[in-house]
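Both ligands and their constituent atoms are indexed starting at 1 by order of listing. FYI, side chains are in, hydrogens and waters are out, and symmetry mates aren't considered; it's all heavy atoms of this structure.
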Amino acid sequence: MHQSVKQIPVARPHLGEEEAAAARDAILTGWVTQGPQVEAFESEFASMTGAPFACAVSSCTAALHMALVALGIGDGDEVITVSHSFIATANAIRYTGAKPVFVDIERDSCNIDPERVEAAISPRTRAILAVHQIGHPCDLTRILHIAQHHSIPVIEDAACAVGSAIRMDGSWQMIGKPHGLIACFSFHPRKVLTTGEGGMITTSEPDLLKRFTLLRQHGMTLTDRQRHNSTQVVFEEYPEIGYNYRMTDIQAAIGRVQLRKLPRLVARRRELAARYSEAIATIDGIECLPLRSWETPNFQSYAIRVLPHFSMDRNALMQFLLARGISTRPGIMNAHQEGAHLEHNPVSLPNSEDARNSMLLLPLFPDMTNVEISYIIDELRAVSQQD
Ligand SMILES: Cc1ncc(COP(=O)(O)O)c(C=O)c1O
């Protein structure tokens with residue numbers, strides 16, 4: 001290994017003194033959950049995406065669950081989505097009692113295939129849950145066209161897509177505007193912006209915002225801030241079953257710092273991704289995801305596909321790189337191949353299955369050095385030339 005390179009992790013959150021100071025300040029105010037920091041984070045996040053409303057929650061899984069509940073989805077309903085996603089996408093549908101109807105991905109982009117969405121629509125379809133795979137926007141233009149034609153709402157699983165942009169109707173727009181009815185984000189440490197754990201929902205519907213605000217706090221009709229600021233004695237009610245999906249003010253304070261850094265963090269990711277892509281174009285047997293003219297991904301992860309004629313298979317390549325100090329991860333999983341969903345969805349999805357077996361994620365994080373990425377590229381090139 002190059003002397004100045006140690007073990008390279010697959011991801012590392014960019015957190016420093018500013019985030020630590022913001023968390024400390026939030027703690028010292030004495031208001032540590034769903035208070036002024038959460039409110040400010042919501043408003044700043046809404047401005048960044050261009051969304052009319054944003055509601056902070058405890059995770060993207062919570063956001064997806066609340067989105068489905070708010071649309072009244074439950075037993076006997078169907079939600080069209082991909083199996084090829086982190087399992088939380090399918091799990092959130094199952095929490096409601098509805099059935100995830102898994103459709104295959106496009107072979108090259110690894111994103112949901114709009115044609116298959118259309119073919120999967122049935123009288124029971126209540127929503128399309130479209131994932132922006134590892135920060136690459138899915139083909140929203142076509143999906144929204146299909147959804148509008150059939151009057152079906154679209155929820156965007158934008159867990160990985162904070163800072164990604166898509167060109168629609170002739171202009172570049174941030175993911176989360178939202179383009180569907182609702183978009184859901186994750187702030188887990190593997191994501192581009194992190195609050196430790198956390199999530200955000202954006203919507204343009206004021207009624208949905210009201211539902212989210214209610215549902216995230218046990219279905220309670222008054223928020224803590226409303227009670228705190230009231231000069232009259234007030235009594236809350238609980239008209240429906242809600243959840244504890246609150247974000248803390250400590251998380252939100254960290255998120256606000258991260259949000260200010262977002263353009264810089266995404267720019268560095270794009271720079272690193274461009275270096276990988278340029279090199280990989282010259283290495284026979286490895287492919288990267290295509291960059292379509294209408295997308296500007298945030299490169300939450302950098303995925304490559306190991307083709308059958310490469311000098312070794314995907315698993316052997318991962319082991320080879322690990323032995324040289326380079327951590328990788330298998331590509332995206334498929335929910336339909338996991339025990340939790342297997343018996344409910346005995347389908348065959350060839351593109352998803354091939355992607356799961358042949359893709360891997362290379363290290364990519366903003367603080368990765370130029371020496372580190374050069375070393376990884378050199379190792380990939382070297383292994384490609386092995387007999
Ligand atoms: C596509 C997708 N959806 C949902 C989630 C769940 O996010 P969280 O961990 O914030 O609940 C993830 C997390 O990795 C994800 O990648």
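One side chain, Gln258 or Glu19, offers a donor N or O that lies under 3.5 Å from an acceptor on the other.
If you chain together hydrophobic residues whose side chains sit under 4.5 Å apart, Leu265 and Tyr302 never meet in one group. In this structure, Ile280 is a member of the same hydrophobic cluster as Leu364, with clusters built from ILVMFWY side-chain heavy atoms closer than 4.5 Å.
Residue Pro330 forms a side-chain contact (heavy atoms from CB on, under 4.5 Å) with just one option from Met318, Met359, Arg356, and that option is Met318.
Nearest to atom 10 (O) of ligand 1 by heavy atom, out of Ser186, Ser85, Ala159, is Ser186.
Note: Phe185 and Phe45 meet the aromatic proximity criterion, with ring centroids under 6.0 Å apart.
Looking at Arg190 against ligand 1, nothing comes within 4.0 Å, counting heavy atoms. Only the side chain of Cys160 comes within 4.0 Å of ligand 1, judged by heavy-atom distances. Counting heavy atoms closer than 4.0 Å to ligand 1, residue Asp157 contributes side-chain atoms (C-beta onward) but none from N, CA, C or O.
Residue-ligand proximity: Gly199 is placed with every non-hydrogen atom at 4.0 Å or more from ligand 1.
The contact set between ligand 1 and Thr89, taken as ligand atoms under 4.0 Å from a residue heavy atom, comprises 1 (C), 3 (N). Residue contact check: Ser59 has heavy atoms under 4.0 Å from atoms 10 (O), 11 (O) of ligand 1. Against a heavy-atom cut-off of under 4.0 Å, Ala88 is close to the following atoms of ligand 1: 4 (C), 5 (C), 6 (C).
For atom 13 (C) of ligand 1, the nearest protein heavy atom (residue, atom name, distance) is Lys191 NZ, 3.0 Å. Remark: minimum distance from atom 11 (O) of ligand 1 to any protein heavy atom is reached at Thr61 OG1, 2.4 Å. Ranking protein heavy atoms by distance to atom 7 (O) of ligand 1, first place goes to Cys60 CB, 3.3 Å.
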Requested in this report: For the pair Cys184 and Glu156, evaluate side chain to side chain contact (heavy atoms under 4.5 Å, CB included) and give the outcome as yes or no after the intermediate values.
Outcome: CA-CA 6 Å; Cys184 303; Glu156 296 170 62; over 6 Å; no
Let me check something: any side-chain donor-acceptor pairs from residues 283-290 under 3.5 Å, sequence neighbours excluded? List them with distances.
unit_1	atom_1	unit_2	atom_2	d
Asp284	OD1	His309	NE2	3.1
Glu287	OE1	Arg107	NH1	3.1

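Checked by atom type and distance alone, the side chain of Asp157 never pairs as donor or acceptor with a backbone atom of Ala130 at under 3.5 Å.
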